[in-house]
Amino acid sequence: MTVRRPARSVLVIGVIVGVLAAILIGTAVTGTSVSPDRARTMGSTTPTAARPATTAPEPPADTAALAVLATLPIKGRAPKTGYDREESFGSAWQDVDQNGCDTRNDILARDLTVLVVDSGCEVQSGTLLGPYTGLTIAFVRGQTTSSLVQIDHVVALSNAWQTGAQQLSQQQRVALANDPLNLLAVDGVTNSRKGDGDTATWLPPLNSYRCIYVARQVSVKAAHALWVTPAEHDAMTRILSDCPDELASTGIAPGDAPEPLEPGDETPSNVFFPTCTAAREAGAAPVHAGDPGYGSHLDRDGDGSACE
């Protein structure tokens with residue numbers, strides 16, 4: 001005996017089947033067209049596929065840093081919770097470009113002159129024109145002397161962690177920590193004073209280098225998809241407004257280094273000489289109480305005069 005379904009039931013079943021088919025087809029299409037940024041917001045906050053180096057296109061070489069700054073998101077500082085230098089950004093220093101030399105020696109070889117390098121690639125000595133001070137520093141590898149020249153992260157890793165890096169993959173964070181664009185050989189004392197400061201809290205003592213420095217920070221943040229805090233954005237805008245033609249960087253280039261201080265030039269006010277040797281090599285000796293670079297640790301006689 002044949003049972004005839006009411007026409008209405010057949011119609012309802014047909015509608016349901018059609019809707020299900022549309023959903024399946026739509027899901028398949030969507031799965032291949034969702035942008036990485038949207039996919040990130042829909043799922044985990046950590047990207048699942050790491051790009052080998054950067055997470056955002058580098059700015060064109062002829063783009064003004066102010067224009068790049070205008071593209072950076074402005075957000076509040078994220079908590080520092082979970083930050084650990086080695087666990088978050090990998091051990092220092094690695095050979096990420098697999099050229100046989102670790103990143104520290106790569107940067108020393110790039111930034112120092114009058115180089116002496118061993119049979120491998122370890123820099124034994126050289127001369128640095130400190131970008132943050134304009135002072136000349138003699139580098140000699142040794143247990144007590146190597147720290148006089150340090151490798152600074154232009155965008156401090158702690159700052160990077162709190163402005164977007166914690167959302168990157170481990171591979172992307174290691175790339176950021178070893179990116180030559182984000183690294184400069186500098187004097188150890190000034191690097192220690194900088195700490196993890198951003199543009200709003202720390203700037204190079206050498207005024208003439210500040211535009212280059214801030215432009216480089218902007219470039220690093222753009223290249224690695226980081227944001228800026230409101231205070232950081234305002235400070236960057238203030239500095240770059242005085243040099244609107246300063247270009248974003250894609251790496252260190254001739255002209256990035258400061259001009260050396262000439263005899264009679266004023267030493268930056270917050271330069272600190274760790275030893276009299278450093279003061280003499282910088283052409284600042286003797287130093288007296290009240291002079292830039294003076295410290296009581298240099299004054300053996302306690303008479304306000306040192307490094308005679």
Side-chain angles (χ1 to χ4, degrees), residues 47 49-61 84-132 136-143 145-161 165 168-188 190-191 194 209 212-213 215-226 247-258:
R51 298 183 186 177
T54 58
T55 57
E58 290 183 345
D84 179 272
R85 168 59 174 92
E86 290 201 3
E87 289 186 6
S88 303
F89 291 92
S91 59
W93 296 94
Q94 301 185 31
D95 179 15
V96 294
D97 58 4
Q98 298 182 346
N99 68 345
C101 306
D102 63 43
T103 302
R104 174 176 167 82
N105 280 290
D106 282 341
I107 301 303
L108 289 174
R110 184 195 69 184
D111 292 355
L112 273 60
T113 59
V114 198
L115 285 170
V116 175
V117 183
D118 67 9
S119 57
C121 59
E122 193 173 75
V123 176
Q124 299 300 307
S125 65
T127 301
L128 173 69
L129 177 58
Y132 294 164
T136 300
I137 305 162
F139 169 77
V140 178
R141 181 174 296 278
Q143 191 168 15
T145 57
S146 289
S147 62
L148 294 179
V149 173
Q150 299 177 9
I151 307 302
D152 178 42
H153 286 94
V154 178
V155 173
L157 298 185
S158 172
N159 173 274
W161 179 260
L168 303 179
S169 69
Q170 178 70 9
Q171 182 185 9
Q172 289 168 324
R173 289 196 293 266
V174 170
L176 167 59
N178 291 273
D179 185 352
L181 179 62
N182 193 32
L183 298 171
L184 283 176
V186 301
D187 74 277
T190 304
N191 189 38
K194 171 187 172 180
Y209 194 73
I212 296 172
Y213 173 78
R216 202 177 181 102
Q217 281 196 327
V218 169
S219 303
V220 170
K221 294 224 167 192
H224 293 274
L226 305 178
L247 299 180
S249 303
T250 56
I252 192 165
D256 278 359

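The first residue in the sequence is number 1, and the count goes up from there.
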Quick check: closest heavy atoms across Ser219 and Ser249, and the distance to 0.1 Å? OG-N, 2.7 Å
Under 3.5 Å donor-acceptor, Arg110 side chain and Ala185 backbone: no
Separation between CG of Asp111 and CZ of Phe139, rounded to the nearest 0.5 Å: 12.0 Å
Using the side-chain contact (heavy atoms from CB on, under 4.5 Å) criterion, which residues pair with Asn99? Sequence neighbours excluded. Asp95, Asp97, Cys101, Asp106
Sequence neighbours left out, what passes side-chain hydrogen bond (donor to acceptor under 3.5 Å, both in side chains) with Gln94? Give chain and number order. none
Measure the shortest side-chain to side-chain distance between Leu176 and Asn182 over non-hydrogen atoms and say whether it is less than 4.5 angstrom. yes
Between the NZ atom in Lys194 and the OH atom in Tyr213, the distance rounded to the nearest 0.5 Å is 3.0 Å
Please report the C-alpha distance between Leu157 and Ser88 in whole Å, then the side-chain angles of each, then the deciding distance to 0.1 Å, and finally whether the side chain to side chain contact (heavy atoms under 4.5 Å, CB included) criterion is met. CA-CA 9 Å; Leu157 298 185; Ser88 303; over 6 Å; no
Going by heavy atoms in the side chains, are Glu86 and Asp84 under 4.5 Å from each other? yes
Decide if the gap between the ring center of His153 and the ring center of Trp93 is smaller than 6.0 angstrom. yes
Just by modelled atom types, is the Ala138 backbone N or O under 3.5 Å from a matching donor or acceptor in the Thr127 side chain? no
With rounding to the nearest 0.5 Å, note down the distance linking CZ in Arg85 to OG in Ser158. 11.5 Å
Just by modelled atom types, is the Val140 backbone N or O under 3.5 Å from a matching donor or acceptor in the Ser125 side chain? no
Please determine whether side chain to side chain contact (heavy atoms under 4.5 Å, CB included) holds for the pair Val220 and Asp179, giving the CA-CA distance in whole Å, both sets of side-chain angles, and the decisive distance to 0.1 Å. CA-CA 9 Å; Val220 170; Asp179 185 352; 5.6 Å; no
Check against side chain to side chain contact (heavy atoms under 4.5 Å, CB included), Leu183 and Asp152: CA-CA 6 Å; Leu183 298 171; Asp152 178 42; over 6 Å; no
Considering residues at least two apart in sequence or located in another chain, which fulfil the side-chain hydrogen bond (donor to acceptor under 3.5 Å, both in side chains) criterion with Thr103? Asn178
Does Arg141 have any salt bridge (Lys or Arg N to Asp or Glu O under 4.0 Å) partners at least two apart in sequence or in another chain, and if so, which? Glu122
For the backbone of Leu181 and the side chain of Arg216, can you confirm whether one donor and one acceptor N or O come within less than 3.5 Å of each other? yes
In Leu129, Val186, Asp187, the residue satisfying side-chain contact (heavy atoms from CB on, under 4.5 Å) with Ile137 is Asp187
If you compare all heavy atoms of Ala109 against all heavy atoms of Leu115, which two are closest, and at what distance to 0.1 Å? O-CD1, 3.4 Å
Set of residues satisfying side-chain hydrogen bond (donor to acceptor under 3.5 Å, both in side chains) with respect to Asn191, sequence neighbours excluded: Gln150
Just wondering, do Phe89 and Gln170 contact through their side chains at under 4.5 Å, heavy atoms? no
Check whether Gln217 reaches the backbone of Val154 with its side chain - one donor and one acceptor, N or O, closer than 3.5 Å. yes
Would one find more than 12 heavy atoms of other residues, nucleotides or ligands at under 6.0 Å from atom CD of Gln124? yes
Asn159: side-chain hydrogen bond (donor to acceptor under 3.5 Å, both in side chains) partners, not counting sequence neighbours: Lys221
